[in-house]
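Here the structure is laid out as structure tokens; the discussion comes afterwards.
Chain letters run A, B, ... following the sequence lines, proteins first and then strands; every chain starts at 1.
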There are 2 protein chains.
Amino acid sequence: MGAKPEGPSSAEVRNRQQSNRRATSVDVAAESGVSQATVARVFSSPDKVSPATREKVRSAAERLGYVPNAIARSLKSQRTNIVGAVVPAYGEYWQNVLAEFSRQLAQRSYQLLLFSFAKPDDVDGALSSVAQYRLDGVILASATIGQSQLGRMQSSALPAVAFNQPAAEGLVPSVSVDNEVGMAELARHLVDIGVGTAAYIGGVSSVSTDQIRYRGAVQELAEHGIACPYIEAGAYTYDAGYKAAGQLAQRDNLPEAVMVGSDEVAFGVLDGLENAGISVPRDLLLTGFDGLPQASWAGYDLTTLVQATDVLVAQAIDVLLSTNGAADKPASVVVPGTIRYGRTTRKSDA
Amino acid sequence: MGAKPEGPSSAEVRNRQQSNRRATSVDVAAESGVSQATVARVFSSPDKVSPATREKVRSAAERLGYVPNAIARSLKSQRTNIVGAVVPAYGEYWQNVLAEFSRQLAQRSYQLLLFSFAKPDDVDGALSSVAQYRLDGVILASATIGQSQLGRMQSSALPAVAFNQPAAEGLVPSVSVDNEVGMAELARHLVDIGVGTAAYIGGVSSVSTDQIRYRGAVQELAEHGIACPYIEAGAYTYDAGYKAAGQLAQRDNLPEAVMVGSDEVAFGVLDGLENAGISVPRDLLLTGFDGLPQASWAGYDLTTLVQATDVLVAQAIDVLLSTNGAADKPASVVVPGTIRYGRTTRKSDA
DNA sequence: AGACCTTATGAATACGTAGTCATAGTGTCA
DNA sequence: TGACACTATGACTACGTATTCATAAGGTCT
């Protein structure tokens with residue numbers, strides 16, 4: 001008789017497993033002989049509970065396999081500990097950014113809820129989806145989020161931060177790399193090594209980062225009397241770059257250098273040029289933008305502007321989670337980039 | 001007097017904006033003169049409400065800027081419409097898989113909640129985090145999720161599916177590419193083109209996919225009297241492959257072909273070999289595994305086993321969302337891969 | 001010892017929705 | 001016309017937790 005450890009409790013357990021219902025704080029309260037309020041306190045503010053009670057509750061919880069229900073917690077406390085991210089489904093750059101967000105948010109014990117979209121048209125759907133979950137904040141990545149959509153965000157109570165989306169400045173707090181200066185510095189580098197003619201290959205000309213990066217290149221080059229025609233690849237993909245390079249190669253007057261608006265496109269351009277018999281850097285110099293991991297791979301070894309993704313992301317999270325209602329004007333953080341000097345601008349005839 | 005469209009309503013709006021509180025179904029009910037229940041029905045099962053009422057409620061909701069609260073809905077309905085994903089934070093392969101999951105889940109109007117981890121030790125934290133949210137299911141990616149952790153998943157009520165994680169078979173429903181046969185087919189391809197000696201470079205030898213892929217290579221090669229020593233790169237990264245290639249190059253007896261357990265490592269191996277003056281495919285043939293987008297890039301043009309990520313993901317989602325309690329044994333889906341023939345196994349002396 | 005403060009706990013309530021049950025109204029058939 | 005089926009709607013409750021308020025116990029100070 002005396003060897004029976006906890007009679008009613010194990011019956012409890014069996015009942016619950018049978019009914020296949022997760023244990024609640026009420027169950028734990030009954031099991032440990034305290035009130036539901038105390039159970040809640042044990043899991044949310046343990047120091048308000050005496051050590052003895054705490055232990056009693058903890059062990060009861062363990063026995064029942066109790067896990068606090070974050071949904072209920074969120075409903076009551078009005079915070080979800082979840083940050084949303086509206087991001088394009090594809091693209092090396094965004095995948096890297098996303099991974100970094102996820103990592104840093106996890107460190108702060110936030111989760112990341114993903115709202116990805118394949119086509120720009122899907123953004124609306126993603127955004128209205130976002131509104132349903134009462135997130136603690138939302139990251140708006142991708143420049144294909146329109147002004148009107150940003151405006152709607154602005155009027156909603158949801159804290160938001162635009163990531164690398166210069167067009168959002170003034171509407172929504174934003175964090176970006178210094179696109180214009182970065183591209184200008186790359187241009188300056190080309191000037192320094194004696195380039196006399198150049199061209200620029202962008203992804204999609206209507207995208208704000210594309211425009212600003214191009215502007216940086218044009219202005220810097222113009223100061224040295226160098227023109228810089230714009231070529232549109234049509235997408236931010238390897239293939240688009242590959243094709244653009246093919247067309248460029250057919251021209252009779254090849255520029256001495258080509259500046260590409262993003263690394264992923266630049267890889268395509270590089271391979272496309274080689275395929276057309278144009279050797280980089282022998283026949284033509286090449287620069288990228290973003291600083292993707294692949295840019296450092298020996299196969300490419302691309303000169304590019306490296307975005308400090310970790311810093312950008314850290315800033316974005318700071319802005320997002322410290323959005324006190326007292327913000328009169330949306331913050332707008334700009335982080336400088338760093339040039340990575342690769343073989344694609346190493347003049348062989350130097 | 002008669003020109004005043006809706007007196008109390010606009011006051012309502014102002015009050016709410018002032019108090020900065022989101023409108024609820026109760027507010028909408030008051031505004032439109034119906035009960036809260038009817039408002040709820042308009043948004044969850046519209047066909048149970050007469051068209052007239054429906055319209056009345058919709059317009060009131062619009063006026064108040066009402067958006068249904070998914071948290072409350074989830075609490076009540078016991079389903080969240082959210083699927084969790086436990087995934088390594090880094091690695092090309094996982095990033096691609098994740099993007100595909102996100103895309104396909106969005107299509108089925110599910111959201112993806114990300115639990116990424118940087119080190120294998122962080123998996124525990126991620127998993128206990130997962131348990132708090134009452135997700136509709138969870139995707140366990142990465143082979144670094146241990147057996148005991150899988151066992152715990154199994155006993156929890158949460159539907160789970162292991163993605164490309166052969167070790168999980170029998171414990172948890174799983175979906176994988178056919179690692180063993182895939183690698184064997186690559187080996188067979190090498191045999192067919194006359195390779196006489198080979199080596200295998202894996203990532204981490206304790207990982208189950210690594211072991212199974214190696215087994216596939218070894219067995220097929222053994223049938224043709226070819227040995228295949230195992231070399232461990234130490235990580236599933238470009239750098240690890242690059243270093244491994246450097247060490248391999250110092251040997252005096254170079255194999256005719258090297259099979260690498262994953263594309264990302266293979267890229268490193270390729271560049272590392274070239275760096276050591278070993279030309280692929282002239283001096284050595286090379287195969288990868290996974291079928292990353294970069295494998296098709298002209299710069300690499302790698303022979304590899306392409307995983308049909310879209311199919312794998314679709315299968316995983318199916319298994320996850322159709323997990324009827326009636327499943328006696330965990331399903332275990334294996335999807336065949338397809339060889340991509342690139343320049344890295346194109347014998348120049350043929 | 002009385003007044004007072006601190007700590008630990010419980011009872012009760014609210015978060016915003018979905019679903020159950022009851023009810024009034026409307027139409028159908030014999 | 002009465003019995004019956006069906007539709008549209010409202011009142012009410014439950015989901016599982018956090019928090020406020022009240023209360024009891026214990027400790028401290030003069």
Side-chain angles (χ1 to χ4, degrees), chain A residues 16 19-58 60-61 64-82 131-136 157-158, chain B residues 16 19-58 60-61 64-82 131-136 157-158:
Chain A
R16 184 157 318 92
S19 69
N20 221 4
R21 194 174 62 84
R22 302 285 288 263
T24 72
S25 59
V26 175
D27 299 324
V28 176
E31 170 81 8
S32 54
V34 300
S35 72
Q36 179 270 330
T38 298
V39 176
R41 277 188 280 256
V42 167
F43 287 91
S44 62
S45 41
D47 34 314
K48 288 187 180 173
V49 177
S50 78
T53 315
R54 205 186 306 158
E55 214 22 68
K56 198 168 52 175
V57 171
R58 285 248 166 84
L64 300 185
Y66 168 72
V67 177
N69 185 326
I71 303 290
R73 193 216 315 280
S74 296
L75 180 60
K76 180 65 184 142
S77 64
Q78 305 288 57
R79 26 198 331 279
T80 53
N81 256 40
I82 297 180
Q132 307 220 163
Y133 298 87
R134 298 301 199 256
L135 305 173
D136 292 350
L158 183 61
Chain B
R16 183 155 320 93
S19 69
N20 221 4
R21 194 174 62 84
R22 302 285 288 265
T24 72
S25 59
V26 175
D27 299 324
V28 177
E31 170 81 8
S32 54
V34 301
S35 72
Q36 178 271 330
T38 298
V39 175
R41 277 189 280 257
V42 168
F43 287 91
S44 62
S45 40
D47 34 314
K48 289 189 180 173
V49 178
S50 77
T53 315
R54 205 186 305 158
E55 214 23 68
K56 197 167 54 175
V57 170
R58 285 247 166 84
L64 300 185
Y66 169 72
V67 177
N69 185 327
I71 302 290
R73 192 217 313 281
S74 297
L75 181 58
K76 179 64 184 148
S77 65
Q78 306 287 57
R79 25 199 334 281
T80 53
N81 255 41
I82 297 180
Q132 307 220 160
Y133 298 88
R134 297 299 199 258
L135 305 173
D136 292 351
L158 182 60

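Residue contacts for A:Val39: at a heavy-atom cut-off of 4.0 Å it reaches no nucleic acid atom on any strand shown. Counting non-hydrogen atoms under 4.0 angstrom, A:Val49 reaches the backbone sugars and phosphates but no base.
B:Gln132 places its CD atom 13 Å from the C1' atom of D:dG16, with the value rounded to the nearest Å. In this structure, the CZ atom of A:Arg22 is 10 Å from the P atom of D:dT17, given to the nearest Å. Between B:Leu75 atom CG and C:dC15 atom P the separation is 14 Å, expressed in whole Å. Atom pair B:Arg134:CZ and D:dA14:P shows a separation of 20 Å (rounding to whole Å applied). Rounded to whole angstrom, the span from the CZ atom of A:Arg79 across to the P atom of C:dA14 amounts to 23 Å. Residue B:Ile71 contributes atom CD1, which lies 16 Å from atom C1' of C:dA14 at whole-angstrom precision. Residue B:Gln78 contributes atom CD, which lies 11 Å from atom P of D:dT17 at whole-angstrom precision. We find that CZ of A:Arg54 is positioned 13 Å from C1' of C:dT7, with the value rounded to whole Å.
For D:dA18, its base sits under 3.5 Å from the side chain of A:Gln36 at one donor and acceptor pair at least. With hydrogens and angles ignored, a donor-acceptor pair under 3.5 angstrom links the side chain of A:Arg41 to the base of C:dG10.
Of the listed nucleotides (C:dT17, D:dG16, D:dG10), D:dG10 has the atom at the smallest distance from the side chain of B:Ala37. Considering only the side chain of A:Ala40, D:dA18 comes nearest among D:dT9, C:dA18, D:dA18. Among the nucleotides C:dG10, D:dT9, D:dT17, the one closest to any side-chain atom of A:Ser35 is C:dG10.
At distances below 3.5 Å, not a single donor-acceptor pair connects side-chain atoms of B:Arg41 with backbone N or O atoms of B:Val49. Remark: side-chain polar atoms of B:Ser25 are not paired, donor with acceptor, to backbone N or O of B:Gln36 under 3.5 angstrom. Side chain of B:Thr80 to backbone of B:Ser74: no donor-acceptor contact under 3.5 angstrom is found.
Distances shown here put a side-chain N or O of A:Tyr66 below 4.0 Å from the OP1 or OP2 atom of D:dT17. Taking side-chain N and O atoms only, A:Ser74 has no distance below 4.0 Å to OP1 or OP2 of D:dT17. The phosphate of D:dT17 (OP1 or OP2) has a side-chain N or O of A:Ser25 nearer than 4.0 angstrom. At least one side-chain nitrogen or oxygen of A:Ser50 sits closer than 4.0 Å to the OP1 or OP2 atom of C:dT9.
Across all their heavy atoms, A:Ala23 and A:Leu64 have their closest contact at CB-O, 3.7 Å.
Projected onto DNA chain D by closest heavy-atom contact, B:Thr38 and B:Ala72 fall at different nucleotides, the more 5' of which corresponds to B:Thr38.
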side-chain contact (heavy atoms from CB on, under 4.5 Å) evaluation trace for B:Asn81 with B:Arg79: CA-CA 6 Å; B:Asn81 255 41; B:Arg79 25 199 334 281; 3.3 Å; yes
